[in-house]
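The structure appears below as structure tokens.
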Amino acid sequence: MMEYILKNGIVYDPANNIAGEKKDVMFKDGKIVDNVSSDAKVLDVTDKIVMPAGIDPHAHVAGPKLVVGRIYRPEDSRKGVTSKTDVCRSESGFSIPSCPATGYRYSRMGYGTVTEAAMPPLEAKHTHEEITAIPNIDIAPLPLFGNNWFVLQWAKEGKIDEIAAFVASWLRITKGYGIKIVNPCGTEAWGWGGNVHGIDDPVPFFDVTAREVVRALAQANEMLGLPHSIHIHPNDLGHPGNYPTTVNTLDCVKDIEKSSGLRNQTVHLTHAQFHSYAGTSWRDVESGAKEVADYINKNKHVTCDIGQITLDETTTMTADGPMEFDLHQLNGLKWANKDIELETGSGIVPFIYSGRAPVPSFQWGVGLELFMRIKDPWQVCLTTDHPNAGPFIRYPRIISWLMSAERRQEMMDNLEVRVWSYKRTGLGTLDREYDFNEIATITRASAAKIYGYQDRGELTPGYNADIAVYDLNPNTIDPSKEPAAIEKAFGNAMYTIKDGQILVKDGEVVKVVPSHTLWTNVQGFEEQEKAVMEEVMPRFRRYYTVKFENYQVQDHFTPNPIVTDVQAGK
Amino acid sequence: MAYEPPITDYDEIVENGTCAFCGCNCDDLDFLVKDGHVVGVRHACRLGASKVMEDMDQRLMVPMIRDENGELQEVDWDTALDKAAELIAGSVRPIFYGWSETSIETMKHGIRLGELVGAVLDNQATICHGPSLQAVQNVGYPIATLGEIKNRADMIVYTGSNPMNSHPRHLARYSTFPRGWFRPRGRFDRTLVTMDPKYSDTAKMSDIWIGFEQNGDYGFYNAIRAALKGKKIDQDYVSGIPKEDIMELAEAMKNVQFGALYFGLGLTHTLSKQRNIDMAIEMLADLNEYTKWVLTPMRGHFNVNGFNIFMAFEMGFPYGVDFCRGYPRYMNGETNTIDLLTRKECDVFMVIAADPGAHYPGGAVKHLAEIPVIQIDLHWGPSTEIADVVLPGSFVGVECAGTSYRMDGVPIYMKKAVDKPETCRDDEWIIKELHERVKEIKAEEAAVASK
């Protein structure tokens, strides 16, 4: 492989405290290096922004609910249709792009890694098939544990060792990266058409609460020392008055000691925007962003991503089945549901976040308010909870909003968003503007830290040569005044380099490479795992509808794995 | 049914094999193997077992090409593949149809080939559960995996389907009989309902049979919806059922803990087509305001759902995907196989793991007889009679491994039990090879054109 020098770029590499420094970045054989020989190929990026490739900490890009979305929304697939080229296959879809389109579009934005944030273990093979069909980006899938019947029972009995062993086994069986929890106990209650309300409401039959489940899984996570913390979508998503549930959920794991040195947090709160509402109903709803942000500002054990509304028509999909049915009742659009035996459920509903409507405008304001109020950019990441609050291709637009108070004010003034955006939220009073270094932090560095990645997210020698170059000169552009230019540049990378290969040049995909699957292999817990399997198997055989042999994800479903080996408890 | 003594004469048992018959994809089969042949199958139903065991009956063994006298002549693989590749590369409006009885791995090569030559890729859904998919696109898709129903359901409804005959283990393994986590007494904890004009074998097993009139599905489900919404039903009988019974049934459906509705082609192919299923799905959504209900289409072939899932994640649409313009298009009535054939648009037809000769309407088969047809399959059938190139494949789930998707979307990796006949090839290999050869022809054409 050739050697390269990216010459004279203006580098933002928050992990190495490099914030807008003019310097060369060199790489060889797919890795960042300190120096290269005189044969190195020079890529002139004089005065262009150079950053590590983007890392998306929470999106839904592959798996059963995605494909239900694609099957039942041809109207979405008919958007974004493009012809095949010599390099790329044809693309389709806007909010739920086809697999090839997903890879190309992330690549064009300068992204290199994405987390698939909800993988039902029974259908993990399907998730991996889709991951294999997505080119150009590495994907870390998170298996769902928050409503698993085995976990619910052990959480009730306080059997943390068993849960830890179960998680270790299931990460290997499903080839998953970490623990995902969605509406703990609520999705199980949806098995009976119900829900739970808050973290102390017990689920039918299992008689266990979200608080007990979250704590148990957090303890198990730290017992194993997984590279990522528990990744939680709390109860009461999207309900006015839900912020106390959110804060209580984060607070209930405060005393649990972190065991991995790779990360700082013990809990990651996802799509915080949907969980930061005050009031009692949609009539009197108010933003709870201040309370949630205050908690995050005061507590280092928490990180979050936002789930920013982009004001588009999209397809909402989540393992929070009861919430999706409520949404269908609310908007009357078609409703899909996909419940998975013993494990989880999900729902899928199209949604139109119109700036002409009060509620989406309010939600838009809450998301941006969280961005403005959370002080430490290492505790927050940019997401849209793709495709729930909007498609990932809108990240550049969100960046332009974050960097320009003027643009935000303009949107509120000329009613691109309705009055609830500032009357019911604190956004109108906040004039913070992100700088390029903070943008680099919330779109790559903080996500890498949150996931404990040790091969990406920074331009440190030895790390993967995953690099993005944007056609912007930070010395001459004023992002505050030129949001359109910011959006254009971040949406069409000048170069996207992945493992040292140039995949995108001047906004066009010029090369397609297979993606990798990131998963975590726990070692040193074999005895406990064996014991727990003996407990699991009789019930597995009786209550699942597949044989265990056919349940496991065979190795060929992950043809390009990147395995993170973890010594349990270390 | 005469008593058959158990088979004791076998060399080895291959456990946890997956049945390659219906959409149940039962994955607990034990294949009894002797001298490289499956001589017995444990746990399978009669349909599945006979498919696996009588595999060599009328088996296509060697590639064939039809000669100028109209006779199929045996040829070597190279000749047959070259001929097929030449036909595909030279076609203007090719259709690649079938796929529902082969693996996802094969489809992966098929879609690449389809994109390369601008083909239409379509599967059996176009003539079976196509209306279901249309209804899903109209009003939604509230489904669950089969185990959800096994563990939770206290009411099971089969409508427009007769699983006792078509999916014989469905009741036994997934819905009615098994003991579930919340249904420890199995059959005794559940109410089984059949809604079907016919007093089918499933109806005979049921606690309740509602034999509404032929083509009365739409009216019947509409009346249940009215009852669920507390509306007055004016007629004394709807679709032949007394309104009191409809009210009573709606009440019963509201008061279960977990209900599951399975529907089959009896619902998709009566007079109102996809509108029947629109209504059934909306009834389900209505019921969810009271309690939990889910529904699942009773898919036929073991991987018919897999093709829909695969096409959707690769290209955004479930079936009838047309690449002729270099990007995927999907429009029912426009890009489906039957429409293209009856309009005589198609000029080369490749069928893999399907038998259109046996199932298509006359007009469509007539056109097939007039154009080159390439068949990739296991057995001699009506399609072989009209095929110009015959490529013998191998049996997914028995002779080669591969991924398939159950009717509820659960993926299963079907393992291999025995070796394929030496003269046959894996479907995956055949399509991959065709792709390579067509690519070569296209590259040569491009080189000539540029000169």
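We name chains A, B, ... by the order of the sequence lines, and we start the count at 1 in each one. Side chains are part of it too, since the values below use all heavy atoms of this structure and drop only hydrogens, waters and symmetry mates.
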Report task. Would you check if there is a donor-acceptor pair between the side chains of A/E324 and A/H328 at a distance under 3.5 Å? Result -> no
Query - Pairs of heavy atoms under 4.5 Å with chain A: top-ranked of B/P178, B/G180, B/A312 - result: B/A312
Requested in this report: Examine whether an atom of A/E343 lies under 4.5 Å from a heavy atom of chain B, and if so say whether it belongs to the side chain, the backbone or both; otherwise answer neither.
Outcome: neither
Requested in this report: Side chain from CB out, backbone as N, CA, C, O: work out which of these in B/I104 comes under 4.5 Å of a heavy atom of chain A, or both, or neither.
Outcome: side chain
Report task. Measure distances from B/E15 to the heavy atoms of chain A and classify the residue's part below 4.5 Å as side chain, backbone, both or neither. Result -> backbone
Query raised in the report: Hey, would you say the A/F150 and A/F166 ring centroids sit under 6.0 Å apart?
Result: yes
Requested in this report: Using non-hydrogen atoms and a 4.5 Å limit, figure out which bit of A/I71 sits close to chain B: side chain, backbone, both or neither.
Outcome: both
Query raised in the report: Any side-chain donor paired with an acceptor under 3.5 Å for B/E428 and B/S103?
Result: no
Report task. Measure distances from B/Y319 to the heavy atoms of chain A and classify the residue's part below 4.5 Å as side chain, backbone, both or neither. Result -> neither
Report task. Name the option with the most non-hydrogen atom pairs under 4.5 Å to chain A; the candidates are B/R329, B/K150, B/Q134. Result -> B/K150
Query raised in the report: For the candidates B/D408, B/V136, B/I143, B/T291, which exhibits the highest count of non-hydrogen atom pairs separated by less than 4.5 Å from chain A?
Result: B/I143
Query raised in the report: Where do B/H167 and B/Y262 land on the ring pair (Phe, Tyr, Trp, His ring centres under 6.0 Å) test, with the steps shown first?
Result: CA-CA 12 Å; B/H167 300 71; B/Y262 291 104; 9.2 Å; no
Report summary line: In terms of heavy-atom pairs under 4.5 Å with chain A, the winner among B/C26, B/A135, B/G140 is B/G140
Report summary line: Scored by heavy-atom pairs under 4.5 Å with chain A, the best of B/N16, B/N138, B/V139 is B/N16
Report task. Name the region of B/F310, side chain, backbone, both or neither, that has any atom closer than 4.5 Å to a heavy atom of chain A. Result -> neither
Query raised in the report: Can we say B/R112 and B/E314 salt-bridge, meaning some charged N sits less than 4.0 Å from an Asp/Glu carboxylate O?
Result: no
Query - Which portion of A/Y551 sits near chain B, non-hydrogen atoms under 4.5 angstrom - result: neither
**Report entry** Selection from B/N308, B/T403, B/V294 maximising heavy-atom pairs under 4.5 Å formed with chain A
**Finding:** B/T403
